[in-house]
Amino acid sequence: MFDSVRDDLRATLDEIRAAGLHKPERVIGTPQSATVNVTAGGRPGEVLNFCANNYLGLADHPEVVAAAHEALDRWGYGMASVRFICGTQEVHKELEARLSAFLGQEDTILYSSCFDANGGVFETLLGPEDAVVSDALNHASIIDGIRLSKARRFRYANRDMADLERQLKEAAEGGARRTLIVTDGVFSMDGYVAPLDEICDLADRHGAMVMVDDSHAVGFVGPGGRGTPELHGVMDRVDIITGTLGKALGGASGGYVAARAEIVALLRQRSRPYLFSNTLAPVIAAASLKVLDLLESADDLRVRLAENTALFRRRMTEEGFDILPGDHAIAPVMIGDASRAGRMAELLLERGVYVIGFSYPVVPQGQARIRVQLSAAHSTDDVNRAVDAFVAARAELDA
């Protein structure tokens, strides 16, 4: 039987390669950091890393690593169970309480990933008599989570408040019992920030709840690094925040839902990814507590990240590159043609800069780009070297 299936799968893989959409995995032989050592899948040797979500440079921070070592000795390696059976330790409850306080929410529930967190919210809270109104560019995990629910689905154009209001009116006219607006806090392919203050105003006007996936913001966006609700002054008006421990907050894995107390209580009883997945490893929970200590004790990492971001965006603009506007650490360098973006990424790796080209279907047709992600771990020299490498790679492409 599998012989015929194998032929079909090989044909599909050939089509992916022929379309220039194949995603090779480069192998690194070092910790995640501002520089990494590529051992396979690209030019071997040490390269500058400008494509990780390691926004604050905490993935290999010595205090975070030390906290992880201590946690292994105290709490062990894994829980071998789910939370409601025998998979809850004191360190999990402590992290949930700390995240709740940090994000200004009443309670928090931990998941094995933010993908699971988003996958567990909608079917738990919404039924066929309810409506969910989603931004068109929301993350795949939100899209898949909505598909799992039986709620009526509405979609509004990216950050378009007039269209959001039209969808809210349509949901109300359809007799929706509950309506939930859901948006990314920061859209990962563009670095654009959702207008949460305007979204909350519309939610109040139309009696809707608001949910934000703030994975690309928590830790470094907002005056205290508390994300886009803090940035827009609506921390008390957002009902549900989902996020990850796998980006700015240490870069390991794990996710969470921080929300109104009753929402979290129901998720503990009904959310399938929570009920049927092993507990977050205690070493990650303990290291995440150390990350929160670092974030709450000083803002030096956020300041350094902002400086690196401003420098890269300014220099690339001066060199004539097309970068989407904004001040987020996601700085998309627009290329247009998919093959050109892929080739430029290869040339940059040859020059010691590790980046990835993104093309359709990850981004719209004709909008291929290299998504550069800045980190507090980068030095000023690192940033300048990256810009110089872009200039040299473009010159070779155009020769």
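Please read these numbers as outputs of a predicted model, since none were measured by experiment.
Of all the heavy atoms in A67 and K290, the pair that sits closest is CB-CB, 3.7 Å. The minimum heavy-atom distance between A157 and A136, with the atom names listed, is CA-CB, 4.3 Å. Between L125 and R178, the shortest heavy-atom distance links the atoms O-NH1, 2.6 Å. Between V186 and A217, the shortest heavy-atom contact is CG2-CB, 3.9 Å. Taking both residues in full, the closest heavy atoms of A376 and L301 are given as CB-O, 3.4 Å, listed atom of the first, atom of the second, then distance. Counting all heavy atoms, side chain and backbone alike, A131 lies closest to L126 at O-CD1, 4.3 Å.
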> Where do T183 and Y156 land on the side chain to side chain contact (heavy atoms under 4.5 Å, CB included) test, with the steps shown first?
Replying inline: CA-CA 10 Å; T183 180; Y156 65 96; 3.7 Å; yes

>> side chain to side chain contact (heavy atoms under 4.5 Å, CB included) for E106 and E262? Distances and angles first, verdict last.
In response: CA-CA 9 Å; E106 294 175 358; E262 295 80 3; 4.2 Å; yes

> Stepwise, does the salt bridge (Lys or Arg N to Asp or Glu O under 4.0 Å) test hold for R237 with D201?
Replying inline: CA-CA 9 Å; R237 299 172 67 191; D201 288 345; 2.8 Å; yes

> Stepwise, does the side chain to side chain contact (heavy atoms under 4.5 Å, CB included) test hold for F358 with I370?
Replying inline: CA-CA 6 Å; F358 290 84; I370 292 176; over 6 Å; no

> Taking it one step at a time, do K93 and E96 satisfy salt bridge (Lys or Arg N to Asp or Glu O under 4.0 Å)?
Replying inline: CA-CA 5 Å; K93 299 305 294 182; E96 288 173 339; 3.3 Å; yes

> What do the steps show when you test Y274 against R268 for side chain to side chain donor-acceptor pair (under 3.5 Å), and what is the final call?
Replying inline: CA-CA 7 Å; Y274 177 80; R268 292 192 193 280; 3.1 Å; yes

>> Evaluate M334 against Q367 for side chain to side chain contact (heavy atoms under 4.5 Å, CB included), listing each step before the verdict.
In response: CA-CA 7 Å; M334 304 303 291; Q367 295 186 29; 4.1 Å; yes

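Transitive grouping of hydrophobic side chains (ILVMFWY, heavy atoms separated by less than 4.5 Å) brings V372 and M316 into a common cluster. F154 and M209 fall into different hydrophobic clusters, where Ile, Leu, Val, Met, Phe, Trp and Tyr residues are linked whenever their side-chain heavy atoms come under 4.5 Å apart, directly or through other members. Under the 4.5 Å side-chain heavy-atom criterion for Ile, Leu, Val, Met, Phe, Trp and Tyr, V283 and L245 are members of the same hydrophobic cluster. Cluster annotation: Y111 is not connected to L148 through the hydrophobic network of ILVMFWY side chains, with a link wherever side-chain heavy atoms come within less than 4.5 Å. Under the 4.5 Å side-chain heavy-atom criterion for ILVMFWY residues, no single connected hydrophobic cluster contains both V264 and V218.
For the pair D398 and R340, the salt-bridge criterion is met [side-chain N within less than 4.0 Å of a carboxylate O]. Ion pairing of D144 with R147 is present here, as a side-chain N (NZ or NE/NH1/NH2) and a carboxylate O approach within less than 4.0 Å. With salt bridges taken as basic N to acidic carboxylate O contacts below 4.0 Å, none links R304 and E307. For the pair R166 and E170, the salt-bridge criterion is not met [side-chain N within less than 4.0 Å of a carboxylate O]. The existence of a salt bridge linking R369 and D190 is confirmed by a sub-4.0 Å separation between a basic side-chain nitrogen and an acidic carboxylate oxygen. Ion pairing between R351 and D388 fails under the 4.0 Å rule for side-chain N and carboxylate O.
No donor-acceptor distance shorter than 3.5 angstrom exists from the side chain of Q105 to the backbone of V257, with no hydrogens or angles considered. Using a distance-only test at 3.5 Å, with no hydrogens or angles considered, a donor-acceptor pair links the side chain of T30 to the main chain of N37. Using modelled atom types, no side-chain atom of Q89 and backbone atom of P282 make a donor-acceptor pair closer than 3.5 Å. In this structure a side-chain-to-backbone donor-acceptor pair under 3.5 Å is present from N308 to H378. Under a 3.5 Å cut-off, the side chain of R272 and the backbone N or O of G120 do not form any donor-acceptor pair. Panel note: side chain D214, backbone T228; a donor-acceptor pair is recorded below 3.5 Å. At least one donor-acceptor pair closer than 3.5 Å links the side chain of R313 to the backbone N or O of L324. Judged by distance alone, with hydrogens and angles left aside, the side-chain atoms of D239 form no donor-acceptor pair with the main-chain N or O of R260 at under 3.5 Å. Not one N or O on the side chain of R315 forms a donor-acceptor pair closer than 3.5 Å with the backbone of A386. Side chain of T39 to backbone of V27: a donor-acceptor contact under 3.5 angstrom is found.
Other residues, nucleotides and ligands place more than 12 heavy atoms under 6.0 Å from the CD atom of E318. Annotation for R177: atom CZ counts as buried by contact number, over 12 foreign heavy atoms lying within 6.0 Å. Residue E70 places its CD atom among 12 or fewer non-hydrogen atoms of other residues, nucleotides or ligands, all under 6.0 Å distant. By the 6.0 Å contact criterion, OH on Y77 is open, its count of non-hydrogen atoms from other residues, nucleotides or ligands being 12 or less. By the neighbour-count criterion of 12 heavy atoms within 6.0 Å, atom CG of D327 is sparsely surrounded, having that number or fewer from other residues, nucleotides or ligands.
Here the side chains of V82 and L275 are not in contact, with every heavy-atom distance at 4.5 Å or above. Put simply, the side chain of L99 reaches to within 4.5 Å of the side chain of L292, judged on heavy atoms. Side-chain atoms of L110 and H92, non-hydrogen and from C-beta on, do get closer than 4.5 Å to each other. Under the 4.5 Å side-chain criterion, counting only non-hydrogen atoms from C-beta, R98 is in contact with L289. For the pair F122/D130, no side-chain contact is recorded, criterion being any heavy-atom separation below 4.5 Å from C-beta on. Counting heavy atoms from C-beta outward, N138 and F187 have side chains that approach closer than 4.5 Å. Using a 4.5 Å heavy-atom threshold, the side chains of C114 and D213 count as touching. For the pair L249/S288, no side-chain contact is recorded, criterion being any heavy-atom separation below 4.5 Å from C-beta on.
A side-chain hydrogen bond (donor to acceptor under 3.5 Å, both in side chains) with Q373 is found for one member of N53, N49, N54 and no other, namely N53.
With values rounded to the nearest 0.5 angstrom, F321 atom CZ is found 8.5 Å from F312 atom CZ. Of the inter-residue distances, the one linking I241 atom CD1 with S215 atom OG reads 11.0 Å to the nearest 0.5 angstrom. Interatomic distance, OG1 of T124 versus CD1 of I263, reported as 11.0 Å (0.5 Å rounding). Atoms CG and CE, on D184 and M211 in that order, are 9.5 Å from each other to the nearest 0.5 Å. If you take SG on C51 and CD1 on I356, they are separated by 5.0 Å, rounding to the nearest 0.5 Å. Residue I28 holds its CD1 atom at 6.5 Å from OH of Y354, rounded to the nearest 0.5 Å.
In summary, the side chains of T88 and R83 do present a donor paired with an acceptor at a separation below 3.5 Å, with no hydrogens or angles considered. If you check the side chains of D382 and S379, you find a donor sitting under 3.5 Å from an acceptor.
Checked against a 6.0 Å centroid threshold, the rings of F220 and H328 count as neighbours.
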